[in-house]
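Just so it is clear, the structure is predicted and the values come from calculations on it, not from any experiment. So that the names make sense, note that chain A is the first sequence line, chain B the second, and so on, each numbered from 1.
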Amino acid sequence: MSARARAVGRAFFDRPPDVVAEDLIGCEVSIGGAGGVVVEAEAYGQDDPASHSHRGPTPRCQSMFGPPATIYVYLIHGIHWCFNLVCEEEGRGAAVLIRAIEPTHGLDAMRARRGVDDDRLLCAGPGRLTQALGITGALDGLGTRAAGLHVGRRRDAVEVARVPRIGISAATDLPWRMVARGSRFVSRPIPRSLTP
DNA sequence: CAGTGGATGCTCT
DNA sequence: GAGCATCCACTGT
């Protein structure tokens, strides 16, 4: 077990969502002793028809308009929680969806919560990741400190691919999905046409 | 491996 | 009432 990486500061999140999403790749995220390294994340902004914040605050997405590093968690398809971190300055409604991590800590707890044995599928997808980490709507609106969430700085170099986002029906061309090249822990592979 | 369809219930118009 | 930032099982190559 390696030492915990130094935490990123609030200024890290006080930047545009695509910049934050790109820089989050390779960073360590953990909560309650479970976690890993971010290998896939998507950016969502206010002037972005695919974003919940696009039409202004609603009861669901209100926390997107909070200060940088606020946690935004919502339920999708009535089943799965999705985990975001707010970025840019307060009130902009920008956030980054964490879509996949390479699990490194608390593997047994995550396997138990997921009910699967295949480590590749533990955190490969926004719904799988929240289930593995035990993240629910109870964290919505909290800051990282209050939630017990740790975000550590990137320690090793990563090559990041910028590709179109997944599972949305608007702004499907915007390349705001960031993927760690070569990782086998992503939710879906990088499109062949965008592979060197 | 690719494509399809069902589950499941909250959110917003 | 329609749509949804998903996942899983199942089909057919």
Given atom [atom1] of [X] and atom [atom2] of [N], what is their separation to the nearest angstrom?
X         : N       : atom1 : atom2 : result
Ile76(A)  : dC12(B) : CD1   : P     : 12 Å
Arg55(A)  : dA5(C)  : CZ    : P     : 12 Å
Trp81(A)  : dG9(B)  : CH2   : P     : 13 Å
Asp173(A) : dA5(C)  : CG    : P     : 17 Å
His54(A)  : dC12(B) : NE2   : P     : 15 Å
Gln62(A)  : dT11(B) : CD    : P     : 13 Å
Arg60(A)  : dC4(C)  : CZ    : P     : 10 Å
Met64(A)  : dT11(B) : CE    : C1'   : 15 Å

What's [X] touching, base or sugar-phosphate or nothing? Going by heavy atoms closer than 4.0 Å.
X         : value
Arg165(A) : nothing
Arg114(A) : sugar-phosphate
Ile168(A) : sugar-phosphate

*Watson-Crick or G-U wobble partner for dC1(B), using a 3.5 Å limit on both distances?*
dG12(C)
_Checking base pairs now: Watson-Crick or wobble, both atom distances under 3.5 Å. What partners dT8(B)?_
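Check on dT8(B): unpaired, no WC or wobble geometry under 3.5 Å.
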Between [options], which nucleotide has the shortest distance from any of its atoms to the side chain of [X]?
X         : options                  : result
Pro126(A) : dC10(B), dT6(C), dT11(B) : dT6(C)
His80(A)  : dA5(C), dT13(B), dC7(C)  : dC7(C)
Tyr74(A)  : dC7(C), dA5(C), dC12(B)  : dA5(C)
Ser169(A) : dC8(C), dA5(C), dC4(C)   : dC4(C)
Ile79(A)  : dA5(C), dC8(C), dT8(B)   : dT8(B)

*Taking Arg111(A) for the side chain and Leu122(A) for the main chain, is one N or O donor matched with an acceptor at less than 3.5 Å?*
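Side chain of Arg111(A) to backbone of Leu122(A), a donor-acceptor pair under 3.5 Å: no, none is there.
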*Kindly say whether Gly45(A) contributes a backbone atom to a donor-acceptor pair with the side chain of Arg92(A) at under 3.5 angstrom?*
no
*Given that Leu121(A) and Gly167(A) both sit by DNA chain C, which one's nearest nucleotide is further toward the 5' end?*
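The residue whose closest nucleotide sits nearer the 5' end is Gly167(A).
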_Verify stack between His77(A) ring and dC7(C) base, 5.5 Å, 30 degrees_ =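 Base of dC7(C): not stacked against His77(A).
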*Among side-chain atoms of Gln131(A) and Arg114(A), is any donor-acceptor pair under 3.5 angstrom?*
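Indeed, the side chains of Gln131(A) and Arg114(A) share at least one donor-acceptor pair under 3.5 Å.
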*asked:* Taking atom CZ as the centre, does Arg55(A) end up with more than 12 heavy-atom neighbours from other residues, nucleotides or ligands that are less than 6.0 angstrom away?
replied: no
*Taking side chain as C-beta onward, heavy atoms only, is His150(A) less than 4.5 Å from Thr144(A)?*
no
*For the residue pair Leu139(A) and Ile31(A), establish whether any side-chain heavy-atom pair is separated by less than 4.5 Å.*
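Side-chain contact under 4.5 Å: yes.
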*Does dC8(C) have OP1 or OP2 sitting under 4.0 Å from an N or O in the side chain of Arg128(A)?*
yes
